[in-house]
Amino acid sequence: MSSDQKSLKQIIDHRIEKLNKIIDGGINPYPHSFDKKNEISTYKNESSIGKSVKTAGRIVSLRKMGKASFLNIQDESGKIQIYLKNNLLPENNYDIVGRNIDLGDIVGVTGEIFKTKTDEISIRASEITMLSKNIRPLPNLKEKDGKAFNSFEDKELRYRHRELDLIVNPEIISTFRLRSKIISETRKFLDNNGFLEVDTPVLQSVYGGANARPFNTFHNTLDQNLFMRIAVELYLKRLIIGGIEKVYELGKNFRNEGMDRNHNPEFTMLEIYEAYKDVYQTAEFTEKLIKYVANKIDKEDVLFGGNDISFKKPFLKTTMAEELLKATGLNVLEMDESELFNLAKSKNVDVNPKMNYGKLLDELFSKLVEPTLIQPTFVFDYPKAISPLAKSKRDGNENIVERFELFIGGMEFANAFSELNDPIEQRKRLEAQAKLRDLGDDEAQIVDENFLQAIETGMPPTGGVGIGIDRLIMLLTGENSIKDVIFFPAMRPE
RNA sequence: GACCCGAUAGCUCAGCAGGUAGAGCAACGGCCUUUUAAGCCGUGGGUCGAGCGUUCGAGCCGCUCUCGGGUCACCA
């Protein structure tokens, strides 16, 4: 034991002493169940005075005064004050349990609602039951009228010990309740529209469907390296080929890349594919989905990153070239690689000579345009060079594909294509990616022979979209860090 | 990966040209049968993130490292 834990050890030792006193008194400090009949807040009102209650929760404040004590217990519904008085409790109940309770214990309380002389609705206990003795102290939980005094604020500790965060800062639960609701409403919308939810492999021998570096793992019995999936796209297309015309998967992807406010190495992604649709119909459907969810959780107007964002109006529609024209006064579609390169240089966009036409455009766009896209905006018409799974534009422009990305608050939320279903073309595109990989682009995609063979079987025209669910949750809850919408965000080991 | 900021008691924080630590709460003890931010009174608790250096002397100055926060890069 390091000496910086001396004081903590003292506290723990004292609590264990109390624990033993309870055991010596013939009471099990960790009983197997408790018949909790009421949530704490159920009867916390004037009209319930006199009612009998049986509830349970964690002690979050405590004032012992000899033969009487006041404590506040908390559950998910709220807090209530408990009044313990020696002569109102069964024999020895106060001496064995009441005198040995601490902040952080979980107790059951039987009693009656009453009002103290300072007008606080409380429970006058007729019995207190120890349900779980705390032996490790909680952070301070002082608060009054919703204002915290000594609180638990260290973000690192809060993320690493989320259970403490939930106890001390219970208001964060509302974000996670919304998270759950957003996900369930998303499923409901898709299910009601006839989509089938599926599960496809997380462990894959070939990864694909996005440009990203994967996590590696190993299967002992197969004696084989495996990758954690970076997308579900290729598998869902195989299901489309198999005849499941409306399909989606909502689950975790894993990308081996940097972490910041908008990125966690494992994150929740929704991918939706519908046969016989194109990217424009997919955009309409995406808009409907997001508006449906926003409406269901009553967040049609949100404040996100300092901007008021509304989901009531139609989403804006534009193209990459149109926005770049606005930003630079130049028509990028008429420029070649070196002209684009010079343009990027002149705008102080960080580019290097290795970048191709598509990457240069993408770089220009993300620096000059993305931050300005605040209200929900579909951006169409992306360069083919950075879209190996998307179909060429039907107007014959060989450099552009049918793709959109959806931006809100300057951040990307969705990515969608008219899915490429020409097997010859798809093979060429993936082989081109393989060349990039050979040239050192370790985020270029891999030739997935199983996928290519499936496409050769014949895939119907298909519209597909991927939506970043954690980001959608950030947007709808107004949280500015992905760490605040994930219970246990990735952290370095302590 | 780069830069900036941070790390002092269980929690929240203070500390000073550099003179080997302080408050509140928590904890413990006493009083105490209705308190309201923590009832009242008292007591204990720290190798100041880790290491190295400068110095008679380092929580404080310098360097290195670890972890976190932020900005950027990378990336959706």
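Keep in mind that this is a model prediction, so the values were computed, not measured. Below, chain A is the first sequence line, B the second, and so on; all start at residue 1.
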Please work out if A/F114 contacts a base, only the sugar-phosphate, or nothing of the nucleic acid, heavy-atom cut-off 4.0 Å. base
Of the non-hydrogen atoms in A/R162 and A/P489, which two are nearest, and what is the gap between them? NH2-CD, 4.0 Å
Expressed as a whole number of angstroms, how long is the span from A/N256:CG to B/C74:C1'? 12 Å
Any strand, both distances under 3.5 Å, Watson-Crick or G-U wobble: B/U71 pairs with B/A2
A/F365 CZ - B/C75 C1' separation (whole Å): 16 Å
In this structure, how many angstroms lie between the P atom of B/C75 and the CZ atom of A/R213, rounded? 8 Å
Pairwise C1' distance for B/C67 and B/G51, with rounding to whole Å: 15 Å
Any strand is fair game: report the nucleotide pairing with B/G57 by Watson-Crick or G-U wobble, both distances under 3.5 Å, or none. none
Of A/P137 and A/R15, whose closest RNA chain B nucleotide lies nearer the 5' terminus? A/P137
A/Y207 and ring pair (Phe, Tyr, Trp, His ring centres under 6.0 Å): which single residue from A/F451, A/Y235, A/F227, A/F254 fits? A/F227
Between B/A26 atom P and A/I167 atom CD1, what is the distance in whole Å? 18 Å
A/N100 and side chain to side chain contact (heavy atoms under 4.5 Å, CB included): which single residue from A/D95, A/I22, A/D105 fits? A/I22
Side chain of A/I11 only, heavy atoms from C-beta on: which candidate in B/U33, B/C11, B/G10 is closest? B/G10
Within less than 4.0 Å of OP1 or OP2 of B/U35, is there a side-chain N or O belonging to A/K64? no
Say we look at B/A7 and B/G62: how far apart would their P atoms be, to the nearest angstrom? 14 Å
With a 4.0 Å cut-off on heavy atoms, is A/Q81 in touch with a base, just the backbone sugar-phosphate, or nothing at all? base
Any chance the rings of A/Y382 and A/F417 have centres within less than 6.0 Å? no
Is any side-chain N or O of A/K117 closer than 4.0 Å to OP1 or OP2 of B/U35? yes
A/E479 versus A/T175, side-chain donor and acceptor atoms under 3.5 Å: yes
With C1' as the reference atom in both, quote the distance from B/A21 to B/A14 in angstrom, rounded to an integer. 11 Å
Ring-ring centroid check A/F189 A/F285, cutoff 6.0 Å: yes
Which listed nucleotide (B/C67, B/A26, B/G10) is nearest to the side chain of A/E156? B/C67
The residue, A/G66 or A/R403, whose nearest nucleotide of RNA chain B is more 5′ is A/G66
Ring centroids only, cut at 6.0 angstrom: are A/F407 and A/F365 within range, meaning strictly under it? yes
For the student: nearest non-hydrogen atoms of A/E249 and A/T200, plus distance: OE1-OG1, 2.6 Å
Taking the side chain of A/R63 as heavy atoms from C-beta outward, which of B/U34, B/G39, B/C74 is closest to it? B/G39
Within the modelled atom types, does a donor on one side and an acceptor on the other bring the side chain of A/K85 and the base of B/U33 under 3.5 Å apart? yes
A/I73 CD1 - B/U35 P separation (whole Å): 20 Å
Rounding to an integer number of Å, can you tell me how far A/L62 CG sits from B/G10 C1'? 16 Å
Looking for any heavy atom pair under 4.0 Å, which part of the strands does A/M491 touch: base, sugar-phosphate only, or nothing? sugar-phosphate
Once you apply a heavy-atom cut-off of 4.0 Å, does A/E370 come out as touching a base, just sugar-phosphate, or nothing? base
Out of B/A73, B/U34, B/A27, whichever nucleotide has its closest atom nearest the side chain of A/H14: B/A27
Nucleotide opposite B/A37 in a Watson-Crick or G-U pair, distances under 3.5 Å: none
Euclidean distance, atom CG of residue A/D102 to atom P of B/G29 [Å, nearest integer]: 10 Å
Answer for the Watson-Crick or wobble partner of B/U12, both distances under 3.5 Å, is B/A23
May I ask you to verify whether the side chain of A/E120 and the base of B/U34 hold a donor-acceptor pair under 3.5 Å? no
For A/L103, report the nucleic acid contact type (base, sugar-phosphate, nothing); a contact means any heavy atom under 4.0 Å. sugar-phosphate
Could you measure between the two C1' atoms, the one in B/U20 and the one in B/A58, and give it in whole Å? 9 Å
Using the P atom as the point on both nucleotides, what is the distance between B/C61 and B/A17, in whole Å? 12 Å
Contact class for A/N87 vs. all strands (heavy atom < 4.0 Å): base, sugar-phosphate, or nothing? base
A/I59 CD1 - B/A27 P separation (whole Å): 11 Å
Can you tell me how far C1' in B/A37 sits from the matching atom in B/A50, rounded to whole Å? 37 Å
According to a strict under-4.0 Å criterion, is A/K18 in side-chain N/O contact with OP1 or OP2 of B/C28? yes
Less than 4.5 Å apart, side chain to side chain, heavy atoms only: is that true for A/D484 and A/I172? no
B/C40 to B/C4 separation - P atoms, rounded to the nearest Å: 47 Å
Quick one: label A/K483 by what it contacts on the DNA or RNA (base, sugar-phosphate, nothing), any heavy atom closer than 4.0 Å. sugar-phosphate
Residue-phosphate contact under 4.0 Å: A/K367 side-chain N/O, B/A73 OP1/OP2: yes
Check every strand shown and say whether A/L157 touches a base, only sugar-phosphate, or nothing at a heavy-atom separation below 4.0 Å. sugar-phosphate
Distance below 4.0 Å between A/R261 side-chain N/O and B/G70 OP1 or OP2: no
Report yes if a side-chain nitrogen or oxygen of A/R492 is closer than 4.0 Å to either non-bridging phosphate oxygen (OP1 or OP2) of B/U66; otherwise report no. no
Spacing of the C1' atoms in B/G19 and B/C52 (rounded, Å): 22 Å
Under 4.0 Å between any heavy atoms, over every strand shown, what does A/R136 touch: base, sugar-phosphate, or nothing? Just pick one. nothing
Scan every strand shown for a Watson-Crick or G-U wobble partner of B/C63, both distances under 3.5 Å, and answer none if you come up empty. B/G51
Using only heavy-atom distances, decide whether a donor-acceptor pair under 3.5 angstrom links the side-chain of A/H263 to the base of B/C75. yes
Name the nucleic acid region contacted by A/Y159, choosing base, sugar-phosphate or nothing; use a 4.0 angstrom heavy-atom cut-off, strictly under. sugar-phosphate
